[in-house]
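Have a look at the structure below, then the notes.
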Amino acid sequence: VIDMLIGITLLPLVLITPGLAWTFVILPANRVPWPERLGWSIGLSIIVAPLSVFWANLGLGVPVTPWGIALVLLAVTSLPVALSLAKGRLMSSFRERLRHDSRRSR
Amino acid sequence: LTVLRDTFGLAIGIAFPAFLILLVARELGVLPGLGFLPYLPPVLAVLAIPAIRRTGLPQVSRLPKPALLVGAAFVVAVSVRLGLSLAYETPLGYDAGLYRYVFNAYSFGLPDIPESSLAEWVRTVYPQGLPTFVTALAVFTGLSADALVRYGLPLLSAALVVPIYWIGREAFSQRAGVTAAVLYAISYTHLFTFGLLYLKNAVGLLLLLLALHALQKRQHALFGVFVGGIGIYHRPTLLIVVAVALVFALATRQPRVLSSLALGAIIAAPMLILRWDANWGLLADALGGNAGAATAANDGGGTFFDLGTYRWASLAYQPFALIAVVWCLVRRDWNLPLLLMAVAGGIVALQLFFFRRQIIPLDLAMLLKAGKGIDLAIAWLPEGRRMAMVGALGALLVVGTGAASVRYLDEASPLMDRDQLAVVEWISDGVPADAIIVASAYDAPWVAGWSGREVIAPGQFDIVIHDREEWLDFLESDSADAASEFLSQYPAPLYIYYSGRTASYLDVSKFTGPKFSLVHEEAGARVYAFASSSDLRD
């Protein structure tokens, strides 16, 4: 029973988390209602998880073991987070530059 | 003229409940016969054209708590499916053993994905997406693939109510979305699909609906990712979504949809190219109108019902769906449910690409259109007692749609019982590891999934020597000599499994004489050993 409970607890890490992270890259941040974001997260996870596990194994030789899958899921979840952060930083530096230019021109 | 049109609209409005009363009376056995009923929906739709031309956007009140109604539809759908799935010790459906074989093949190959060592039929029939996903889920969570399928498929199948609601709401109205979701929960077609354990179809449908919703919301990148995802799970659904997207791009002049399709191709193509040989053969067969050629000798129990059965199964909501189609055509409203209906309906009508299974997406489109059609029908109801009539219409619709589902729940049972499956499991210990098992198309998936041995069956798996007619001759023959001659063409050691089910079509009276010996029997299920001439000489 404990094994089953642990298994059920781990399910969202495969079924929701990777897709949820990617929704913040693909979809506008605040304009998507949460139920729809959750639905799309599940759909994206169903796509992202097998794609990443498959290519990580065939292309990079990452074994299909619990730790191997955890590593792949961590990478595939971190990537969009990093992209989002980079996008946010790029946007803020771009805005800063614009503000700076407008001050100089004044 | 206006009075005439109004009167006509009112008459049409009353004709729908009258049609449903007749259908319900037939379903409840009060009025048997009524074989003319399937001809009425198109007639009603044509007669409704003047009323449709007059009706503007119908002013129907918003539902107070749509999320609650969709939640209730989900609860009904999941309860019915879980109840059905857990009522028996053996899994429902024909494909259960095939999925078990595929998941086992992936599991035995771990810690690597056994892409290069898979059997040819697995490479042809099962794209990498589902086996990789289920294997990864099983390895990561420690849950068995069997448990994931048994508990996961009811949830997955029931979860479709949510994207159905979203699509109906975006395309038509909130009420249309809720109606479509409720009808889905009680639809016979989708319960039957679940009962056949069409796992790939279920994932394909979920991704199809999410893709269409992304397209409705003009989330083109998201749509592209979903198209790619469909490509790695279910190729027939990929054909449908691509066709719908192309027509949508043309009709709405949205060239960005083409970029989305290109993104989808980039995601799916590497996996499809890895199995180019298998995929090309399948595509060539389908384009040549020869879909299913590889399984021509398979007369198993996994076949979806035909269009004739579907006409009855969907009769309660057909008139509403058809008037919604007419409404959209009159207004040149090229919405996605209409395009999905056109594409899936075209495939079914022209009998292309595994057309029987395309009844499933066709029915999704029908349900969505029916949601809109019911909006229209409500607008045509007499105003004085509209609320009471809406209630009656809803009740008639639920009974008319759900009656077939209730009958199915009563009749549905696994194709094999626990004792018959126990004999298949005995094979894994009781016969040599290199033995090959001969079975009828009906029994073969179970033998493949639970025996751990290679299987020979009509039109399935990799060892193909005989065609359909030769198999039929063998299965029906009672001649030991003819059976011996047939079987001696296959590699030894050879065993035969027979479940004892009448649908198995195997006359076991031929397995007599020196070359055949009964090695195991339980509850009518049998395993015979076949000794070829060389074995006997030894």
Go through the atoms of [X] and report whether side chain, backbone, both or neither lie under 4.5 Å from a heavy atom of chain A.
X        : answer
B:Pro270 : both
B:Val134 : neither
B:Leu206 : side chain
B:Leu148 : side chain
B:Leu143 : side chain
B:Val139 : both
B:Ala138 : neither
B:Ile230 : neither

query = Do you know which of A:Leu11, A:Leu58, A:Ile46 has the most heavy-atom pairs with chain B at a distance under 4.5 angstrom?
reply = A:Ile46
Options A:Gly39, A:Gly68, A:Gly61, ranked by heavy-atom pairs under 4.5 Å with chain B, top entry =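 Looking at each of A:Gly39, A:Gly68, A:Gly61 in turn, A:Gly39 comes out on top.
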Geometric donor-acceptor pairs, no angle filter, chain A-chain B, under 3.5 Å:
unit_1, atom_1, unit_2, atom_2, d
A:Glu36, OE1, B:His213, NE2, 3.1
A:Glu36, OE2, B:Arg169, NH2, 2.7
A:Trp40, NE1, B:Leu210, O, 3.4
A:Ile46, O, B:Tyr233, OH, 2.5
A:Asn57, OD1, B:Ile113, N, 2.9
A:Asn57, ND2, B:Pro111, O, 3.3
A:Asn57, ND2, B:Asp112, OD1, 3.0
A:Val64, N, B:Pro111, O, 2.7

message = Taking the side chain as everything from C-beta on, heavy atoms only, tell me whether B:Ile232 gets closer than 4.5 Å to A:Phe54.
response =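 No; the side chains remain at least 4.5 Å from each other.
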key: A:Leu44 and B:Leu222, any side-chain heavy atoms less than 4.5 Å apart   =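 Answer yes - side chains close enough.
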request  = Kindly write out the residues that satisfy side-chain contact (heavy atoms from CB on, under 4.5 Å) with B:Val244, not counting sequence neighbours, or none if the list is empty.
outcome  =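 Partners of B:Val244 under the side-chain contact (heavy atoms from CB on, under 4.5 Å) test: B:Leu212, B:Ile240, B:Leu336, B:Leu339, B:Leu340, B:Val343.
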ask   = For the side chain to side chain contact (heavy atoms under 4.5 Å, CB included) test, which of A:Leu15, A:Leu51, A:Val53, A:Ile47 pairs with B:Phe133?
value =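 Checked A:Leu15, A:Leu51, A:Val53, A:Ile47 against B:Phe133; only one passes side chain to side chain contact (heavy atoms under 4.5 Å, CB included): A:Leu15.
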